[in-house]
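When a ligand or atom number is given, it counts from 1 through the structure's own listing order. Just so it is clear, the values below take in all heavy atoms, side chains as well, and ignore hydrogens, waters and symmetry mates.
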Amino acid sequence: MSIKAATYRGNKTFTVDNKSIAPPSAGEVQIDVAYCGICGTDLHIYLGHMDPRVGFERTIGHEMSGVIAAIGDNVEGLEVGQHIVVRPLDHCGDCPACDAGHEHICHNLKFIGIDTEGAFQQKWNVAAHTIHVLPDDLDLSHAALIEPLAVACHDVDRGKVSQGEDVLVIGGGPIGMLIALVARHAGGNVTISEINENRLAYAEKLGFKTLNPKNVDVAKSIQEQTGGKGADVVFEVSGTQPGVDLMTEAASVRGRIVMVAIHASKPQIDMFRFFWRELELIGARVYLKSDYEQAMKLLSEGVLDCDSFITDIKSLDEIQGAFEALTSNPNAMKSMIKIKQDA
Ligand SMILES: [Zn+2]
Ligand SMILES: [Zn+2]
């Protein structure tokens with residue numbers, strides 16, 4: 001069968017070509033992809049930061065939603081026509097992490113849509129174990145936000161945010177904003193630190209307290225807001241040295257700091273502060289099955305105002321322009337590609 005697929009070719013270029021796709025193999029299902037959002041990681045790929053890993057023949061994309069179009073042999077419990085999302089992780093099942101039940105951080109983890117073919121194509125064959133079935137009444141454009149929302153669910157779970165705790169989110173981009181929403185839903189009293197005024201305005205519209213480090217001393221403001229205590233949980237989502245400086249300064253005694261950002265170079269960390277205040281630094285990477293289930297639940301409860309979060313929706317033919325626009329628009333939250341015309 002011939003389908004349309006967007007392929008990353010290096011040098012900030014995607015081509016949209018026709019290619020043939022085989023029927024799903026045993027253990028696989030074939031998806032009619034409805035929507036696929038553009039992730040921060042996809043932007044890194046587009047900018048060439050991941051060329052050695054991705055190559056120049058890959059269809060990327062993983063923040064998707066779709067409809068089951070065909071089912072391979074030996075697949076139980078799924079039906080053609082079901083609305084689904086894919087949890088894009090492929091673990092080896094035979095390493096210390098997998099043995100310990102931490103398949104999501106398998107030593108040999110393959111991220112589907114980065115290390116293998118992804119969802120910026122009309123039809124996509126994926127392993128059946130990656131599928132989460134959606135309620136039929138969930139809008140498929142909204143459902144494409146489940147993957148980034150699951151990231152936020154995992155981060156908040158790692159930070160063990162509980163009722164009444166003071167939370168600081170450093171960085172108000174898409175993931176920071178989703179963390180803030182999930183942390184507030186968990187009972188946290190959330191402040192967002194961000195330098196972009198448009199993002200600050202959006203955060204305020206969502207009802208968050210905001211601080212701009214360009215105008216105020218954020219650590220000092222947090223101390224003042226909390227009667228000198230500091231934030232019980234800090235999420236470092238900025239990926240910057242000032243963010244790393246702030247995370248230790250703003251944390252309370254025994255504060256938990258969740259490292260969400262992927263720091264490309266090794267930042268300087270104030271280790272003295274870890275001793276002085278008995279701080280904890282917690283790693284967080286992707287998500288578990290339970291985080292996906294939680295994200296689906298939060299979405300159907302309306303925790304996220306999807307329509308305001310989705311900045312724009314373009315067609316697969318316009319994917320090049322969508323990536324170009326995203327790199328030049330620091331205000332954007334989520335850009336999405338609509339792949340199935342009747343979705
Ligand atoms: Zn993503
Ligand atoms: Zn493994």
Side-chain angles (χ1 to χ4, degrees), residues 6 8 31 33-47 49-50 53-54 58-66 84-121 124 126-127 129-130 132 140-156 158 171 173-179 181-182 235 237 239 260-262 284-289 291-292 294-296 298-299 304 306 309-311 313 319 322-323 326-327 332-337 339:
Y8 171 69
I31 310 299
V33 180
Y35 291 87
C36 188
I38 300 177
C39 178
T41 309
D42 298 327
L43 265 187
H44 279 293
I45 293 170
Y46 166 77
L47 292 171
H49 301 161
M50 295 166 71
R53 178 171 168 189
V54 176
R58 175 126 314 138
T59 294
I60 63 169
H62 60 272
E63 295 188 0
M64 57 72 66
S65 63
I84 59 95
V85 289
V86 166
R87 184 163 35 89
L89 303 180
D90 191 8
H91 62 277
C92 76
D94 186 29
C95 76
C98 286
D99 288 347
H102 307 310
E103 290 95 348
H104 71 296
I105 41 175
C106 166
H107 291 195
N108 308 306
L109 188 74
K110 284 204 181 91
F111 196 99
I112 301 171
I114 296 176
D115 301 309
T116 61
E117 293 295 278
F120 286 130
Q121 56 181 330
W124 189 32
V126 287
H129 71 81
T130 65
H132 289 259
L140 284 170
S141 67
H142 298 178
L145 296 170
I146 287 172
E147 194 269 355
L149 188 57
V151 169
C153 290
H154 187 63
D155 297 335
V156 171
R158 291 287 290 154
I175 293 292
M177 210 68 80
L178 293 174
I179 289 171
L181 287 162
V182 177
F235 294 91
V237 201
V260 177
I262 302 168
R285 184 176 165 202
V286 290
Y287 25 63
L288 308 167
K289 198 173 181 183
D291 297 312
Y292 251 66
Q294 173 74 354
M296 284 161 62
L298 296 187
L299 208 60
L304 170 62
C306 298
F309 196 78
I310 299 171
T311 306
I313 300 181
I319 190 167
F323 273 81
L326 206 49
T327 44
M333 280 291 140
K334 187 55 67 183
S335 262
M336 216 169 258
I337 302 295
I339 297 173

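Remark: side-chain polar atoms of Thr311 are paired, donor with acceptor, to backbone N or O of Met333 under 3.5 angstrom. Proximity of a side-chain donor or acceptor of Tyr292 to a complementary backbone N or O of His132 within less than 3.5 Å is not detected. In terms of modelled atom types and a separation under 3.5 Å, the side chain of Ser65 and the main chain of Leu140 share a donor-acceptor contact.
Taking distances strictly below 2.8 Å, the protein N/O/S atoms close to the Zn ion (ligand 1) are Cys39 SG, His62 NE2, Glu63 OE2, Glu147 OE1.
Of the candidates His104, Arg87, Glu147, Tyr287 forms a side-chain hydrogen bond (donor to acceptor under 3.5 Å, both in side chains) with just one, namely Glu147. A side-chain hydrogen bond (donor to acceptor under 3.5 Å, both in side chains) with Asp115 holds for exactly one of Arg53, Lys110, Arg58; it is Arg53.
Here the shortest heavy-atom pairing between Ile146 and Ala295 reads O-CB, 3.8 Å.
Angle SG(Cys106) to the Zn ion (ligand 2) to SG(Cys98): 110° [nearest 10 degrees].
Residue side and main chain included, His107 places no N/O/S atom under 2.8 Å of the Zn ion (ligand 2).
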Could you give me the CA-CA distance, side-chain angles and deciding distance for Val86 and His62, then say whether side chain to side chain contact (heavy atoms under 4.5 Å, CB included) is met?
CA-CA 8 Å; Val86 166; His62 60 272; over 6 Å; no
